[in-house]
Amino acid sequence: MPIINRFSDLLPEITAWRHDFHRHPETLYDVHRTAARVAELLGSFGVDEVVTGIGQTGVVGIIHGRTKGSGRVIGLRADMDALPITETTGKPYASTVPGKMHACGHDGHSAMLLGAARYLSETRAFDGTVAVIFQPAEEGGAGGKAMLDDGLMERFGIERIFGLHNLPDLPLGTFAVRPGAFMASADLIEIVVDGVGGHAAWPHTTVDPILVGSTIVNAVQSVVSRSVDPLKAAVVSITQFHAGDTDNVIPQQARLAGTVRTLDPQVRDHVEARLKELVPATAAAYGATATLRYERNYPVVINDTDETAFAAEVAAAIAGPERVGTEAAPMMGAEDFSFMLEARPGAFLFVGNGPGAALHNPGYDFNDEVIPYGCSYWVKLVETALPAQAAA
Ligand code: NI
């Protein structure tokens, strides 16, 4: 079964919702307009329940099938937030908000899930319940975690969870996924090196935090090259180094910051532990002190093996088996759908956006031709996961 025909009819309407979101981008948790529009549309479709304010500005719509005998509940998740980027697409529906734009296609993700919600509300050809989830603050604000902390899974009895993201340069009409680790964890590190400042001509009377910091920059690279299995991925990048104000003074302090990415929770634990040993010990060897703050942000996106196989089969039914990559290469980018996948088994897939600017680029735009694929995927997923029962 290819694209569901009904989505050809609904395409202009769904596209109009997408363009409206695109014109009015909102960032992080400040997605009040978008969330209100999502809730209004869900209500207009006649879904059974619309709940707002989960994870601050998240919205959940509940749709019951024609029968509920199985008692099964699945969750479908989209994200609503935009990015602090100035748009350069020149599109007629370009951002009207200076310095903000939908540069990751979350406008399209929300519109596609709304389209699916409309269809499912009309047809209800399934047994059980679907929760359509619209989350805020995917871009660095852990909005998915905020919804979980508000009891998302328990409150609606969600047993399985699925996410879908567009990907530029993946051909239109194709899907990509892999079981296991798919996207990286992303953690923040901050290092403060305290030395003894003094005259640059008398270095022997100082403890130079710039030299110590430089040694630390080199030393932390040994964690990836010597402490992590070469067949496993890890990145430690020091991206900030601040010290000193003039040419004849050795400063008192240096501040460094950076990011750690891994594709394996054990590697993540190991890198964190090694950095915590190495940073103070390196400083101590030079008579300085250094503190490391390691802040865990997004965990690894880990796709459940069975749910991934299931989602790939559904995608194959929509796009054709030859157009679904099931061994896509893992990516070092991060996604906060990882929190939901820690809470429930599920799968995160990419759908091809076709050629064009990369995600987070000011020239990026979601491709409206993706809409029928995304909507059909969601509907087929529900109707396959929760097959309709014959009338009693
Ligand atoms: Ni995104």
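Only this structure's heavy atoms are used, side chains among them; waters, hydrogens and symmetry mates stay out. Remember, it's 1-based here, ligands and their atoms both numbered in the order they're listed.
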Are Phe366 and Tyr364 an aromatic pair by the rule of ring centers under 6.0 Å?
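Centroid separation for Phe366 and Tyr364: 6.0 Å or greater.
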Is the distance between the ring centroids of His106 and His109 under 6.0 Å?
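Ring centres of His106 and His109 closer than 6.0 Å.
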Check each of Phe348, Phe350, Tyr377 against Phe175 using the ring-ring contact (aromatic ring centres under 6.0 Å, His included) test, and report the only one that passes.
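Output: one option passes, namely Tyr377.
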For the Ni ion (ligand 1), count the protein N, O or S atoms found under 2.8 Å away.
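Protein heteroatoms (N, O, S) closer than 2.8 Å to the Ni ion (ligand 1) number 3.
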Over 12 foreign heavy atoms within 6.0 Å of OH, Tyr286
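No.
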Residues two or more places apart in sequence or in another chain: which of them pass salt bridge (Lys or Arg N to Asp or Glu O under 4.0 Å) with Arg33?
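Arg33 satisfies salt bridge (Lys or Arg N to Asp or Glu O under 4.0 Å) with Asp20 once adjacent residues are dropped.
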Tell me, please, whether Phe310 has Arg160 positioned over its six-membered ring: NZ or CZ under 6.0 Å from the ring centre and within 45 degrees of its axis?
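Flagged: Arg160 positioned over aromatic ring of Phe310.
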